[in-house]
Amino acid sequence: MKNQEIARLFNEIADLLELKGENPFRIRAYRRAAMQIEGLPKDVSSLSEEELIKLPGIGQDLAGKIKEYISTGRLGLHEELRKEFPATFLTLLQVPGLGPKTAKLVYEKLRIKSLDELEEAAKSGKLRTLPGIREKTEENILKGIEFLKRGSERKPLGRVLPLAMDILDSIQKKAPVKDIAIAGSLRRWKDTIKDIDILVTSTRPEEVMKVFVHLPHVKDVLAKGTTKSSVVTSEGIQVDLRVVEEDSFGAALQYFTGSKAHNIKLREMASKKGLKINEYGVFRESDNKKLGGKTEEEVYKVLGLPWIPPELREDTGEIEAALEGGLPDIVSYEDIKGDLHVHTKWSDGSHDFDTLIKAARQRNYLYIAITDHSKGLGVAKGLDEERLLEQIKIIDEINSRLTGFKLLKGVEIDIRSDGKLDLSEDVLKRLDIVVASIHSGFKQSKEQLTKRLLSAIRNPCVSVIAHPTGRLIGERDAYQVDMEAILKEAKKQGVAFEINAYPMRLDLNDHHAKMAKEYGVPIVISTDTHLTQHFDYMRYGVSIARRGWLERKDVLNCLEYEELIRRLRRCP
DNA sequence: GCCGTTTTCGGCCCGACTGTTTTCAGTCG
């Protein structure tokens, strides 16, 4: 799938055009198109030119460029633009606080073309010889470079959310605030987060700001104004705080939740109706009369729209769907009836059955599936046929004693490098659920990995494919696999795909989840629990499902036990 | 470069903060 590649190229073209000082709207067109393609739940290569043009933000010209890249593997415009600047130059734009204008200036006046050269020039005071740059700007650029070197990459949602809640708590305790909410990509539950946005209402904004910049979490203050401040925490995460009046809370929340693309589209719609939306409310252009803004619902309502869940606000069709009354009724945490990927002491989990049952019942679950590793995973004390048969016997006994709760007999079986499973079919036949996954040989080619997964999907005993891309956020990239091919086969064979809720995995991701839905592949959301606390990761998995537009009917572990058993594919 | 119940040309979201200025450009979200 070339979607990501083309999105990256278009973004880079936008950067380069920006450096050249080109028409900002042309630049925006490339960025919009990049986002559109990135969020597309199917392979761009599979679309005809006519179909491409139908996509919002893509016209004759960009459709042609997409086709050009798909058929030749190159993009003329991109190559032309790259010739005008040295290869290392684009990294300069990643320095926070340094934009295209300044980048171009330092290149043209000082021939600076890399981060190292920029750092050197800033340290030696050469930058301040340029117009508009003095000591302070030099300092900020050095800070920016340091930030970049320390690793400014996006952080896993599961690591940022607890920090955000902690900061929220501190503000609430120490500052004179009334309403307080998380906004931004965190409220949209994006799987990785760049910064934390917090919104509060207060009648004493200056005091709130003072408290905020002096919180113990704060390492550096980037900006401090009367209604808006930005800081960096000791973990290197930027936190933005915004104060508004109560009457504007909804408008501000809507605005700061984004996404940017979603908001731009709303504002365009508004201006066509003679309205203006900003963070203070919705206003009639003619007389500046305020028509709403206390709640988010008001903002959407004046545009003739129902409230849209934050997870959907990516401008990937949600506004059009809302206009037609066709928004999906997305799955929620309360819909989840059980967890289908749980490890015990028998392999590398930490608990016995009773502890897990108790923890699951506390979460109002009706069942969990015991899915310990199979023998191939020696490091995790994987079960061989004999031990698995023993476990099956014990689970049967436990089930006969339980009321209103069931343990599913299962296994997380290793897909070997040749695509075969590492336990015999005789044993698998006795299970309720067989979760198959890859734990080794990630470096195989895309063809090999795809073949391996296809072979597992075609095995008649497999119920679910777990964490199918193997990514570990911030540690290991997803391995290359032909997602379309494996989803197609899964649909054909009746195999479900897992959204692994473990915060470092979140695999499938949101795009893949949406693709799975388009292909009609059933989904399970599982936590891969090794410790009882891991059950609480379910919310992260649900957030991926929500971002993928999944509804309750698309998710197998929203079903009651009997129906679930009926729907899970098993050995014939 | 896209797009059209105001338009096939002329629009294109909106505002806060900083630094270097003395009224504003650049950057960011």
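The model shown is predicted, which means the values in this text are computed figures rather than measured ones. In what follows, chains carry the letters A, B, and so on, assigned in the order in which the sequence lines appear, proteins first and then strands, with residues in each chain numbered from 1.
Put simply, A/N278 has a side-chain N or O that comes within less than 4.0 Å of OP1 or OP2 on B/dG15. Proximity of A/K194 to the phosphate of B/dG29: a side-chain N or O atom is located under 4.0 Å from OP1 or OP2. Regarding contacts with the backbone of B/dG1, a side-chain N or O of A/R26 is found under 4.0 angstrom from either OP1 or OP2. The phosphate of B/dC17 has OP1 or OP2 within less than 4.0 Å of a side-chain N or O from A/T227. OP1 or OP2 of B/dC13 has not a single side-chain nitrogen or oxygen of A/Y280 nearer than 4.0 Å. Contact annotation: A/T137 does not reach the phosphate of B/dT18 (side-chain N/O to OP1 or OP2, under 4.0 Å).
Applying a 4.0 Å cut-off to non-hydrogen atoms, the residues of residues 109-134 of chain A that approach DNA chain B are A/G132, A/I133, A/R134, listed by residue number.
Separation of the P atoms belonging to B/dT20 and B/dG15 is 26 Å when rounded to the nearest angstrom. Straight-line distance between the P atoms of B/dC17 and B/dG11: roughly 31 Å, to the nearest whole Å. B/dT7 and B/dC12 have their C1' atoms separated by 13 Å, given to the nearest Å. Across the C1' atoms, B/dC3 and B/dC13 are found 16 Å apart, a figure rounded to whole Å. On the P atoms, B/dG1 is 28 Å away from B/dT6, given to the nearest whole Å.
Residue A/D197 places its side chain closer to B/dG29 than to any other of B/dT27, B/dG29, B/dG1. With distances taken from any side-chain atom of A/K101 to the nucleotides B/dG1, B/dG29, B/dT27, the minimum falls on B/dT27.
Counting non-hydrogen atoms under 4.0 angstrom, A/T102 reaches the backbone sugars and phosphates but no base. Residue contacts for A/P100: at a heavy-atom cut-off of 4.0 Å it reaches the sugar-phosphate backbone alone, with no base atom in range. Counting any heavy atom pair closer than 4.0 Å across all strands shown, A/K136 reaches sugar-phosphate atoms only and no base atom. Looking at heavy-atom distances under 4.0 Å, A/K265 makes no contact with the nucleic acid at all. A/T226 comes within contact range of the sugar-phosphate backbone alone, with a heavy-atom separation under 4.0 Å but no base atom that close. At the heavy-atom level, A/E135 lies under 4.0 Å from the strands shown only through sugar-phosphate atoms. Counting any heavy atom pair closer than 4.0 Å across all strands shown, A/I277 reaches sugar-phosphate atoms only and no base atom.
Taking for each of A/A223 and A/A63 the nucleotide of DNA chain B with the nearest heavy atom, the 5'-most of the two is the partner of A/A63. Comparing A/G99 and A/R267 along DNA chain B, the residue whose closest nucleotide (by nearest heavy atom) sits nearer the 5' end is A/R267.
Remark: P of B/dG26 and CG of A/L92 are 17 Å apart, rounded to the nearest angstrom. Here B/dG29 presents its C1' atom at 6 Å from NZ of A/K228, a figure rounded to the nearest Å. Atom CZ in A/F10 sits about 9 Å away from atom P in B/dC2, given to the nearest Å. Per the geometry, CZ belonging to A/R31 stands 12 Å off C1' belonging to B/dC28, to the nearest Å. Note: NZ (A/K190) to P (B/dG29) measures 14 Å, nearest angstrom. One can place CG of A/L186 at 15 Å from C1' of B/dG29, the figure rounded to the nearest angstrom. Rounded to whole Å, atom P of B/dA16 lies 16 Å from atom NZ of A/K260. Rounded to whole Å, atom P of B/dC28 lies 11 Å from atom CG of A/N140.
By the 4.0 Å N-to-carboxylate-O rule, A/E206 lies too far from A/K210 to be salt-bridged with it. Between A/E117 and A/R111 there is no salt bridge, since no side-chain N of the basic residue sits under 4.0 Å from a carboxylate O of the acidic one. Remark: A/D247 engages A/K290 in a salt bridge, criterion side-chain N to carboxylate O under 4.0 Å. A/K517 and A/E551 are joined by a salt bridge, as a carboxylate oxygen and a charged side-chain nitrogen come within less than 4.0 angstrom of each other.
A/D15 has its side chain within reach of A/R31: a pair of non-hydrogen atoms, C-beta onward, lies under 4.5 Å apart.
Of the N and O atoms on the side chains of A/D43 and A/S45, at least one donor lies less than 3.5 Å from an acceptor on the other residue. A/E51 and A/S48 form a side-chain donor-acceptor contact under 3.5 Å, judged by distance and modelled atom types alone.
Each of A/R505, A/R471, A/R546, A/K155 was checked for a salt bridge (charged side-chain N to carboxylate O under 4.0 Å, His left out) with A/D191, and the lone residue meeting it is A/R471. Just one residue in the list A/K514, A/K488, A/E484 forms a side-chain hydrogen bond (donor to acceptor under 3.5 Å, both in side chains) with A/Y519, and that residue is A/E484. For the salt bridge (charged side-chain N to carboxylate O under 4.0 Å, His left out) test with A/E138, the passing option among A/K123, A/K126, A/R128 is A/R128; the others fail.
Pairing of B/dT8, defined by two Watson-Crick or G-U wobble distances under 3.5 Å, is not identified with any nucleotide.
A/Y255 contributes a side-chain N or O that forms a donor-acceptor pair with the base of B/dG29 under 3.5 Å.
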Using a cutoff of under 3.5 Å, can you pull out all pairs of nitrogen or oxygen atoms linking the protein to nucleotides 3-12 of chain B, with atom names and distances?
from  : atom 1 : to    : atom 2 : distance (Å)
B/dC3 : OP1    : A/G57 : N      : 2.7

- Task: Any chance you could lay out the salt bridge (Lys or Arg N to Asp or Glu O under 4.0 Å) test for A/K143 and A/E146, step after step, and finish with the verdict?
- Result: CA-CA 5 Å; A/K143 270 193 202 170; A/E146 197 202 336; over 6 Å; no

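Between A/F89 and A/Y107, the ring planes lie tilted relative to each other; the angle falls in the 30° to 60° range.
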